[in-house]
Amino acid sequence: MKNIREILKERRDEIFRLSILSEEFIAFIQANKRPVDRLMTYYRCAIMEVETKMKVLDEQFSLEYDRNPIESIKSRVKSMESLMDKMRRKNVSLSMEEIEAKIHDIAGVRVICSFPEDIYLLADCLLQQDDIRLIEKKDYISKPKANGYRSLHLIVEVPIFLQNEKRNMKVEVQFRTIAMDFWASLEHKLRYKKNLPQEMTQYLEQELYECAELSAGLDERMQRIRNLIAEEIGETVE
Ligand code: 0O2
């Protein structure tokens, strides 16, 4: 068991280490303002490309099958704070090339679907497109994370067309149902409540895990209801 002096020293060292890194990071961003702005603009363009592809698919499904598989789309370019945290975790050095090569989720598009089966349907449709290249796939739906987190993550490369150049940019596309998104949003908020007593944290983790299981059960039941209706009215999706 550590005494209070040791804990305080560790904490002080950690704060010192983080602040040095933060200062280096800020200096790097300031010294590379133009290239950083340019790269972030390229990521925003790549987000637009992926969003458009998803909206086109949604329109087509609406026309062909009279239903919209996408409930909503949320996109973001990673904040500088979150980028710095990740660079620290993955030991990425302060260079534009390293950042672009090793951080794959600077551009993020979250596609919220109505039903679990729509997730795989839309992901397949996206991956079939000849200008999309799959870099990595993480299926946290068939294999949820230990805390209960569910979502399908694809890292894809999509071209953006600039004045005199075509550039392939990486985008992380997360597919979730409304229930998965609801759970993940609340879990994300609770994760940053750091000052809770340890017994409470353990209890909350267990509660959150059980909520994730319950909401996965709900997703399954809603999917069954939809499939029964589709069968009854003779609706199929090729
Ligand atoms: P933010 O705020 O979304 O930018 P890797 O890059 O593969 O080495 P990483 O980044 O942990 O490692 O990959 P992973 O597992 O694919 O997770 C990336 C993103 O998925 C996270 O982004 C979250 O958006 C989401 N995510 C993953 N696990 C969880 C979880 O347990 N709970 C919640 N609520 N979201 C999760 P960032 O970078 O954390 O943040």
Side-chain angles (χ1 to χ4, degrees), residues 18 21-22 25 29 36 39-40 42-44 46-47 50-51 54 70-113 116 119-120 122-123 126-127 132-158 168-194 196 201-216 218-219:
L18 294 185
L21 279 170
S22 305
F25 183 78
I29 299 292
V36 170
L39 187 63
M40 294 301 154
Y42 293 167
Y43 280 120
R44 274 196 295 279
I47 285 176
V50 173
E51 274 189 357
M54 299 316 306
I70 298 178
E71 282 292 326
S72 59
I73 300 178
K74 302 177 203 167
S75 301
R76 63 108 183 90
V77 171
K78 208 171 185 61
S79 69
M80 284 298 152
E81 198 189 351
S82 177
L83 176 61
M84 186 177 68
D85 275 352
K86 192 153 205 176
M87 286 171 65
R88 218 180 264 148
R89 263 194 287 129
K90 299 187 91 179
N91 222 356
V92 175
S93 64
L94 283 173
S95 101
M96 301 297 290
E97 291 74 26
E98 276 252 324
I99 294 174
E100 210 183 334
K102 294 195 177 161
I103 308 285
H104 295 168
D105 65 342
I106 297 180
V109 175
R110 193 168 283 160
V111 182
I112 316 294
C113 300
I119 289 178
Y120 293 103
L122 288 167
L126 178 70
L127 293 175
I132 288 281
R133 189 164 81 90
L134 178 66
I135 308 284
E136 193 184 1
K137 181 177 186 172
K138 285 190 199 165
D139 190 346
Y140 295 126
I141 298 174
S142 65
K143 276 206 181 89
K145 286 179 75 166
N147 62 357
Y149 176 77
R150 284 169 171 79
S151 186
L152 176 70
H153 294 188
L154 305 180
I155 306 290
V156 298
E157 218 169 46
V158 62
N168 290 317
M169 302 299 299
K170 291 191 188 86
V171 178
E172 182 185 67
V173 193
Q174 296 183 347
F175 291 90
R176 296 174 177 173
T177 59
I178 305 167
M180 292 171 196
D181 189 53
F182 168 67
W183 183 93
S185 306
L186 293 186
E187 191 267 353
H188 189 262
K189 280 184 201 146
L190 294 173
R191 201 148 16 111
Y192 290 101
K193 306 258 178 273
K194 294 269 187 230
L196 301 172
T201 307
Q202 272 168 1
Y203 167 75
L204 290 178
E205 279 171 6
Q206 185 57 33
E207 277 291 288
L208 278 167
Y209 176 76
E210 283 171 26
C211 287
E213 293 299 298
L214 281 174
S215 71
L218 193 61
D219 263 342

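Start at 1 and go down the list; that is how both ligands and their atoms are numbered. Predicted model only: the values in this text are computed from it and were never measured.
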Legend entry - Parallel, tilted or perpendicular: ring planes of Tyr149 versus Trp183, cut at 30 and 60 degrees: tilted

Legend entry - Lys90 N/O to ligand 1 N/O under 3.5 Å: yes

Inset, instruction - Tell me, please: is His104 in heavy-atom contact with ligand 1, that is, under 4.0 Å? - result: no

Inset, instruction - Determine, for Arg150 against Glu213, whether the closest basic-nitrogen to carboxylate-oxygen distance falls under 4.0 angstrom. - result: yes

Legend entry - Shortest protein heavy-atom distance from atom 3 (O) of ligand 1, along with the residue and atom involved: Arg76 NH2, 3.6 Å

Legend entry - Per-residue contact class, Lys189 against ligand 1 - non-hydrogen pairs under 4.0 Å: neither

Inset, instruction - Identify, for atom 31 (O) of ligand 1, the protein heavy atom at the shortest distance, and state residue, atom and that distance. - result: Asn147 ND2, 2.8 Å

Inset, instruction - Examine ligand 1 and decide if any of its atoms is less than 4.0 Å from a heavy atom belonging to Glu136. - result: no

Inset, instruction - Using a strict cut-off of 4.0 Å, indicate which atoms of ligand 1 neighbour a heavy atom of Ala184. - result: 34 (N)

Legend entry - Nearest heavy atoms of Lys170 and Ala107, plus distance in Å: O-CB, 3.8 Å

Legend entry - Given Ile119, Ile141, Leu218, the one that forms side-chain contact (heavy atoms from CB on, under 4.5 Å) with Thr177: Ile119

Legend entry - Under-4.0 Å protein heavy-atom contact, atom 16 (O) of ligand 1: yes

Inset, instruction - Among all protein heavy atoms, pick the one closest to atom 40 (O) of ligand 1 and tell me residue, atom and distance. - result: Lys78 NZ, 3.9 Å

Inset, instruction - Let me know which of Arg110, Lys138, Lys78 forms a salt bridge (Lys or Arg N to Asp or Glu O under 4.0 Å) with Asp105. - result: Lys78

